[in-house]
Amino acid sequence: MKKYWWQDAIIYQVYLRSFQDTNQDGIGDINGVIQHLDYLKNLGVNTLWISPHYDSPMDDNGYDVRDFFKVSEDYGTIDDFKALLDEAHKKDMKVITDLVLNHTSDEHPWFQAAKDPNHPEHEHYHDYYIWQPPKFDKKGNRQHPTQWVSWFGGPVWEYNPPTKSYYLHIFSKKMPDLNWRNKAMRESLKQVIKWWIDLGVDGFRVDASNHLEKNWDFPDAKPGYEHFSSLPKHHDYLEELGKELFKPNNLLIIGEAGGATRKEAIQYAGFDSNEFNMLIQFEHCWADTDETNTLTPGKWAKGSIDLPKIKNSFAYWIDVFKGKGWNTIYWANHDQPRIVSHYGDDKKYHERSAKMLAFSLYLLPGTPIIYYGEEIGMTNVDYQNLGDFRDVEVFTEYDNFMSYGASHEVAMQALRDRSRDNARSPMQWNDTAYAGFSKVTPWINVNGNYQNINVKKQLNKEDSIYQTYRALLQLRKQENLPYADVNFYDLDHPQTFNYEVKGQKHNYLVLCNFKSTEIKMNKLPSLNEYTLFMANVDVNDVLSTTYSPFEARIYRKPIKA
Ligand code: GLC
Ligand code: CA
């Protein structure tokens, strides 16, 4: 049944900047990851995904790469990185890194040459990026080539006076998009990839992979996403990398690509695909937006949770890959709010809802990706000032909210609910100053709740969120759950998250009340054959079908030989 090592991977995503600072500059670093390898191994993790570690001016925390061959001085040295690979490998753990292929920093030497007609290598590098001449209105005023809108808000075009043209940036203006139609550019990136493979990394998470191709007719549209996202030709580029570099080296390649169709998913990550091995799509991630909100619209508008959408999405993706490829299971990453704040309750039912969220996800088939701090139920931030935030996206969007008529308070609440900084506050290791992340003021503030929510406390507590994660990850291994068949119950029920998986020795029936009101479960198999295996509350009557807020139970029954 097993074909590849990564089918048994249990992945933990480390946001390097926020995990552990070891040299007391307030910034997480590679040595900080080495320091905690045993902690991660003990949790049950066997594969790390490290957010970008390359040299960068850090406009977007490293997704803006200045030098692909250099480790950021914020994070350490190449020797530190090699030590991380060695130490991890000694512990039978794999390390995959983030691979940013859609853009570079505007401080990358390629762009420095591209934008400057007097640069000796201008001609070669100009076409590494995407340039367009201005348009002019009737009065002769310079206009953007199109009205396309960046993923971070604002225009995708930035004017470059020396060339009298605009360059395209679908993220921040410090991240010009690379021109994938240029073969020399592709060869340059392949050298980068090969270099890291030769150094010993075990795979990559390919950033923004569905954006590589653009519509070079540059038709006008607003926001115009269809002209720079998921255009068919980006698969050709990925396949080229896959055939030459990914597949021959037994790597784990995870592609980030929102919005894939069923057919496209197999094209990306079917067992026979030459592109990726796994896919990260975001269908279940924003199932609680309020379409009527015009002050902080889109993902920023928090509404009520559409649970059927979440469940149907999980069921759908498991089905898409069944027998044809491999599924990933995850709640969130560095671009979404903290899951316990997002879909759970980070106040009254913090511990209970965090465990419920773990039950509802981590018995499902596929490869789990746990986001740092999720295993202790880290929550959204409590920042009171705009200046507490760090994310480049926050500041463009705050201005947008103001222009839509939002008050400062309304905008701040949207940021606390939805911004990416929620998922980037320092790891809460213990209850000493700065949560044990650093001895000095961190680059981004520690969440005020670190004295209650931290690793040390949960390591010492028998039924903590951490211990629940640990137990569930062990169960995955013991019962071979990555390969399990699953049956969802009542997918369209707005409040319950119920399913059954078939392990090696037992069937597991997972029953979760996903919301904050009591509920009576129905449409379930008779519980007589099952015994209660785990629960996130004390269950007095194991046959009762009334569930308190966020109550979750796992029952099991032996599989008859
Ligand atoms: C991906 C990353 C995100 C980053 C963007 C641009 O979506 O996950 O954090 O800002 O790409 O690289
Ligand atoms: Ca540091």
Side-chain angles (χ1 to χ4, degrees), residues 13-36 49-54 56-66 68 71-77 80-81 84 97-106 108 150-153 156 168-178 204-212 225 228-230 254-259 279-282 285-286 299 330 332-337 369 371 390-397 419-424 426-427 434 436-444:
Q13 184 189 350
V14 176
Y15 200 69
L16 208 45
R17 216 172 173 71
S18 306
F19 197 59
Q20 177 73 63
D21 175 23
T22 58
N23 64 343
Q24 315 314 334
D25 62 357
I27 301 173
D29 43 54
I30 293 170
N31 283 328
V33 183
I34 299 177
Q35 187 179 313
H36 290 296
W49 153 21
I50 314 278
S51 60
H53 62 287
Y54 314 96
S56 162
M58 300 290 168
D59 184 55
D60 188 21
N61 291 349
Y63 283 96
D64 48 324
V65 180
R66 183 165 50 199
F68 286 105
V71 169
S72 161
E73 283 169 12
D74 283 353
Y75 300 146
T77 64
D80 296 340
F81 188 83
L84 169 64
T97 61
D98 227 298
L99 189 60
V100 191
L101 302 176
N102 179 69
H103 42 264
T104 65
S105 163
D106 63 342
H108 193 288
S150 143
W151 292 109
F152 290 170
V156 299
L168 180 85
H169 63 87
I170 68 168
F171 295 99
S172 110
K173 67 176 180 214
K174 281 187 67 62
M175 295 151 78
D177 280 56
L178 287 163
F204 302 104
R205 174 265 192 188
V206 183
D207 183 64
S209 73
N210 58 323
H211 302 306
L212 304 185
Y225 301 139
F228 52 86
S229 293
S230 301
I254 309 178
E256 184 204 25
L279 189 67
I280 300 185
Q281 45 72 32
F282 301 104
C285 292
W286 299 102
K299 77 164 186 184
Y330 50 90
N333 64 24
H334 62 290
D335 295 329
Q336 289 105 33
I369 309 176
Y371 187 59
R390 294 287 175 270
D391 185 9
V392 46
E393 182 192 54
V394 158
F395 302 100
T396 355
E397 296 289 6
S419 84
R420 308 192 301 177
D421 280 337
N422 285 305
R424 300 175 179 187
M427 180 69 174
Y434 308 120
F437 164 74
S438 177
K439 292 198 172 66
V440 303
T441 311
W443 72 277
I444 190 170

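First listed ligand is number 1; within each ligand, the first listed atom is number 1. Not measured: the values here are computed from a predicted model. Here, residue 1 is the first one in the sequence, and each next residue gets the next number.
- Salt-bridge check for Asp207 with Arg205: passed, with a basic side-chain N closer than 4.0 Å to an acidic carboxylate O.
- Note on the Ca ion (ligand 2): protein N, O or S atoms under 3.0 Å away count 5, no waters included.
- By the 6.0 Å contact criterion, CD on Glu73 is open, its count of non-hydrogen atoms from other residues, nucleotides or ligands being 12 or less.
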**Request:** Applying side chain to side chain donor-acceptor pair (under 3.5 Å), run through Asp80 and Tyr75 and close with a yes or a no.
**Result:** CA-CA 9 Å; Asp80 296 340; Tyr75 300 146; over 6 Å; no
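- A donor and an acceptor atom, one from each side chain of Ser172 and Asp59, are located under 3.5 Å apart.
- Relative orientation of the Phe171 and His211 rings is perpendicular, given thresholds of 30° and 60° on the angle between their planes.
- Aromatic ring pairs are classed by plane angle as parallel below 30°, tilted from 30° to 60° and perpendicular above 60°; the pair Tyr371 and His334 is tilted.
- For Lys174, the salt bridge (Lys or Arg N to Asp or Glu O under 4.0 Å) partners are Asp106, Glu107, not counting sequence neighbours.
- Under the side-chain hydrogen bond (donor to acceptor under 3.5 Å, both in side chains) criterion, Thr396 pairs with no residue, sequence neighbours left out.
- Using bins of under 30°, 30° to 60° and over 60° for the plane-to-plane angle, the ring pair Phe68/His108 lands in the tilted bin.
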What short N/O contacts, under 3.5 Å, does ligand 1 make with the protein, listed by atom pair and distance?
residue: ligand 1; atom: 7 (O); partner: Glu256; partner atom: OE1; Å: 3.4
residue: ligand 1; atom: 7 (O); partner: Glu256; partner atom: OE2; Å: 3.0
residue: ligand 1; atom: 8 (O); partner: Arg205; partner atom: NH2; Å: 2.9
residue: ligand 1; atom: 8 (O); partner: His334; partner atom: NE2; Å: 2.8
residue: ligand 1; atom: 8 (O); partner: Asp335; partner atom: OD2; Å: 2.5
residue: ligand 1; atom: 9 (O); partner: His334; partner atom: NE2; Å: 2.9
residue: ligand 1; atom: 9 (O); partner: Asp335; partner atom: OD1; Å: 2.7
residue: ligand 1; atom: 9 (O); partner: Asp335; partner atom: OD2; Å: 3.4
residue: ligand 1; atom: 9 (O); partner: Arg420; partner atom: NH1; Å: 3.3
residue: ligand 1; atom: 10 (O); partner: Asp60; partner atom: OD2; Å: 2.5
residue: ligand 1; atom: 10 (O); partner: Arg420; partner atom: NH1; Å: 2.9
residue: ligand 1; atom: 11 (O); partner: Asp207; partner atom: OD1; Å: 2.8
residue: ligand 1; atom: 11 (O); partner: Asp207; partner atom: OD2; Å: 3.2
residue: ligand 1; atom: 12 (O); partner: His103; partner atom: NE2; Å: 2.9
residue: ligand 1; atom: 12 (O); partner: Asp207; partner atom: OD2; Å: 2.8

